[in-house]
K.L.:
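Have a look at this one.
Numbers restart at 1 for each chain; the letters A, B, ... are given by sequence-line order, proteins then strands. Note that the coordinates shown come from a computational prediction; the quantities given were computed from them, not determined experimentally.
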Amino acid sequence: MSATRMTWLRNRAGKLFVIGAGVLLAFSLSALIFAIFTDRSGEVNETSAELIASLEGKRDAAADNLNSVHTALVQGLPGVDLDRMGRDTEALRNVMLSVTDLSASARDDRSAQAMLDSRYEFWDTSSRTLTEFVPDWLATARVEGAPQVYTMSEFEPDMISVNGADFRYFGVARFDAVSAEAAADAAVSAAVQRYVLFIADTTAAGQVSGFEAYVVSSETRDALAEAKASS
Amino acid sequence: MVSIGNDPSGETPDGSSRRKRFVLAPDDGRNNGAQAGPGAVKLDESDEQSRPAISRMTWVVGGGLVVAALLTGVASGMITDASLALSEETISTAKALQAERKSIDGTAAALSELKEIDRALVTAQESAGQIARLQNDYRFFTVAIASEGGMLKGPMVDGVRRNLAPHFATDVSAAAVNPWYLLSEDASAPSGTGLPLSFDSGFAWSAQRPYLVTTEGVISVSWLAHETRPAEGQSPAILAWARANYDPVRKTFSDVEVGTTAMGEQLRQEVRAQ
């Protein structure tokens, strides 16, 4: 019986072989057509996005870990109150922004001084911020062409003394010009960056109780801009 | 040839053919025997065995189909691979992110190994105070430096510089151990005194107290140079500042940044490096 089956297979081997090969070819042809005509760029983009997202997630997790290690390390240090320092930084940032806000006070020095004097209580007649900084800041902005608009791009006060509940901060804020023209040659010209030195005090209630700003010399500005560009 | 003639009968459905063969087998044998004798049967069988099961033509056609199938299979595989490959940009971004994470992890590991930060803050402040004193010592040479056209030289100056050097990392620029700021007004101080105690400079450096360690594990310390004789009714102005990072492990300062305010720059005594 198996012999007859063998014979039967023998007789049809050629046909089966050709049919099998044909089926195989049909399969691979359809696979080829599928590969050619289906757009898988979406799938690739999705894979890339997933990969990048997962790596970013890991990077962010590492950064979070670094921050928590840092917070744990710093929290117990004498005089350190991170929550308050965060609030103080925000309060000081607001003062710095209104002191350097040229759009609101560009009309003339006197109106700018009057506006700031009425808004904040901590400046008195000996204040250099109103009498020296504001006119200086406005003058240099005018000298450098049309009223320049700056955005404060760096503001990191360092606490330099604790006196009872009063904290004192020091820092050098960086301002970048935002006009389209200035932005275009920002890479080559240091003139589009300005630095302001500040020393400020805050009280336990989170009030700013003192604020002095100084225009940083153009020599230092150029040196800082150069150091920043080369780093 | 008889066997080829037999082929069509084989195409009939399985069951019927088997039954037919089974039923007809003895008859067949008899017929064969009657017609051609045993020899003929033998000859027929050997012919069937010697004839290849698959003809050359079939081999060529089938083989061609198989080869074509393999080629298209490989081609479609390649196309799929190519279309699923990640772009260069994605790969470089991924590498950058991995490197970034590695460096953050390294910083965190180094930070968690820092011990006794409170003590490091104290030593940083002590070192900063000594730097401020040495920078203040440079003020005594303002007259000499001004008379030399701003040139910084002399054994006394070298002495101060030698004392400053150990506080800084070896790779800081020479400017860190030179006078950070000198007041031009000091150059017209009564000459010939030469005595530090009788010298009344118009400004002074003061080291500020550090309270924090950065996430990079260094302590950022600031110095401020302020007027000592402010105009009446005015608070002392800031003329210059300096900032540097104190490494609690190496116990030296690096990344020194020195700057002047616009006012300080106007009142500055120029100093030229040797």
Side-chain angles (χ1 to χ4, degrees), chain A residues 4 8 10-11 13-14 17-18 21-22 24-25 27-29 31-32 34-36 40-41 43-44 47-48 51-52 55-56 58-59 62-63 65-67 69-70 73-74 77-80 125-126 128 132 136 158-162 170 172 195 197 199 212 214-217 219-220 223-224 227, chain B residues 7 10 18 21 53-55 58 61-63 65-66 68-70 72-73 75-77 79-80 83-87 90 93-94 97-98 100-101 104-105 107-108 111-112 114 117-118 121 208-213 215 220 222 224 233-235 237-238 241 243 257 259-265:
Chain A
T4 52
W8 183 83
R10 249 183 89 83
N11 289 339
F17 176 49
V18 173
L24 202 62
L25 178 61
F27 266 119
S28 55
L29 263 180
L32 181 65
F34 181 76
I36 291 173
R40 305 187 74 169
S41 61
E43 195 180 325
V44 174
T47 320
S48 304
L51 175 70
I52 297 298
L55 286 173
E56 273 174 349
K58 282 180 185 164
R59 193 262 325 262
N65 175 49
L66 174 61
N67 277 336
V69 168
H70 180 245
L73 193 68
V74 156
L77 294 174
V80 171
T125 48
S126 72
R128 294 177 177 279
E132 288 172 18
D136 248 27
D158 284 331
M159 192 161 75
I160 56 168
S161 81
V162 174
F170 157 72
V172 179
Y195 293 85
L197 182 151
I199 291 179
E212 293 292 357
Y214 296 85
V215 171
V216 167
S217 67
E219 289 83 353
T220 299
L224 289 178
Chain B
D7 258 343
R18 212 179 294 154
R21 275 176 190 253
I54 297 167
S55 73
T58 317
V61 172
L65 287 175
V66 168
L70 286 176
T72 48
S76 69
I79 288 173
T80 310
S83 72
L84 282 177
L86 296 173
S87 68
T90 306
T93 313
L97 282 169
Q98 268 169 336
E100 206 179 331
R101 177 169 68 101
I104 293 172
D105 280 343
T107 312
L111 197 61
S112 60
L114 278 187
I117 295 296
D118 41 357
L121 285 165
Q208 306 302 311
R209 189 180 156 184
Y211 288 86
L212 290 172
V213 57
T215 47
S220 175
S222 312
L224 294 173
Q234 285 206 307
S235 51
I238 304 292
W241 85 91
R243 267 200 301 215
E257 166 195 305
T260 55
T261 61
M263 184 187 177
E265 191 63 37

K.L.:
Can you check whether Leu224(A) reaches Glu257(B) side chain to side chain, under 4.5 Å on heavy atoms?
P.N.:
yes

K.L.:
Between Thr72(B) (side chain) and Leu32(A) (backbone), is there a donor-acceptor pair under 3.5 Å?
P.N.:
no

K.L.:
Within this structure, what is the CG-NE2 distance for the pair Leu114(B) and His70(A), rounded to the nearest 0.5 Å?
P.N.:
10.0 Å

K.L.:
Among all residues two or more places apart in sequence or in another chain, which pass the ring pair (Phe, Tyr, Trp, His ring centres under 6.0 Å) test with Tyr195(A)?
P.N.:
none

K.L.:
Supply the atom-to-atom distance Asp158(A) CG to Arg243(B) CZ, rounded to the nearest 0.5 angstrom.
P.N.:
6.0 Å

K.L.:
Heavy atoms only: give me the nearest Gly62(B)-Ala21(A) pair and the separation to one decimal.
P.N.:
O-CB, 3.5 Å

K.L.:
Is the backbone of Leu70(B) close enough, under 3.5 Å, to the side chain of Ser28(A) for a donor and an acceptor to pair up by distance?
P.N.:
no

K.L.:
Minimum heavy-atom separation for Ser217(A) to Thr260(B), with atom names?
P.N.:
OG-OG1, 2.6 Å

K.L.:
How close do Asn65(A) and Ala108(B) get, counting heavy atoms only, and between which atoms?
P.N.:
ND2-CB, 4.0 Å

K.L.:
I need the Glu265(B) CD to Glu219(A) CD distance, nearest 0.5 Å.
P.N.:
3.5 Å

K.L.:
Under 4.5 Å heavy-atom distance to chain B, tell me which part of Val216(A) shows up: side chain, backbone, both or neither.
P.N.:
both

K.L.:
What's the spacing between Phe17(A) CZ and Leu65(B) CG if we round to 0.5 Å?
P.N.:
8.0 Å

K.L.:
Considering only heavy atoms, which portion of Val215(A) lies under 4.5 Å from any heavy atom of chain B: side chain, backbone, both, or neither?
P.N.:
both

K.L.:
From Arg128(A) CZ over to Thr261(B) OG1, what is the distance, rounded to the nearest 0.5 angstrom?
P.N.:
9.0 Å

K.L.:
For chain B, which of Leu24(A), Ile199(A), Val74(A), Leu77(A) has the most heavy-atom pairs under 4.5 Å?
P.N.:
Leu77(A)

K.L.:
To the closest 0.5 Å, what do you measure between CD1 (Ile160(A)) and OG (Ser220(B))?
P.N.:
11.0 Å

K.L.:
Less than 4.5 Å to any heavy atom of chain B: does that hold for the side chain of Leu29(A), its backbone, both, or neither?
P.N.:
both

K.L.:
Which atom pair, heavy atoms only, marks the closest approach of Leu51(A) to Ala94(B)?
P.N.:
CD2-CB, 4.2 Å

K.L.:
Is chain B contacted by the side chain of Ile52(A), its backbone, both, or neither, given a heavy-atom distance below 4.5 Å?
P.N.:
both

K.L.:
Name the region of Leu197(A), side chain, backbone, both or neither, that has any atom closer than 4.5 Å to a heavy atom of chain B.
P.N.:
side chain

K.L.:
Checking Ala223(A) against chain B: side chain, backbone, both or neither under 4.5 Å from a heavy atom?
P.N.:
neither

K.L.:
Is it true that a side-chain atom of Tyr211(B) and a backbone atom of Val162(A) form a donor plus acceptor pair closer than 3.5 Å?
P.N.:
yes

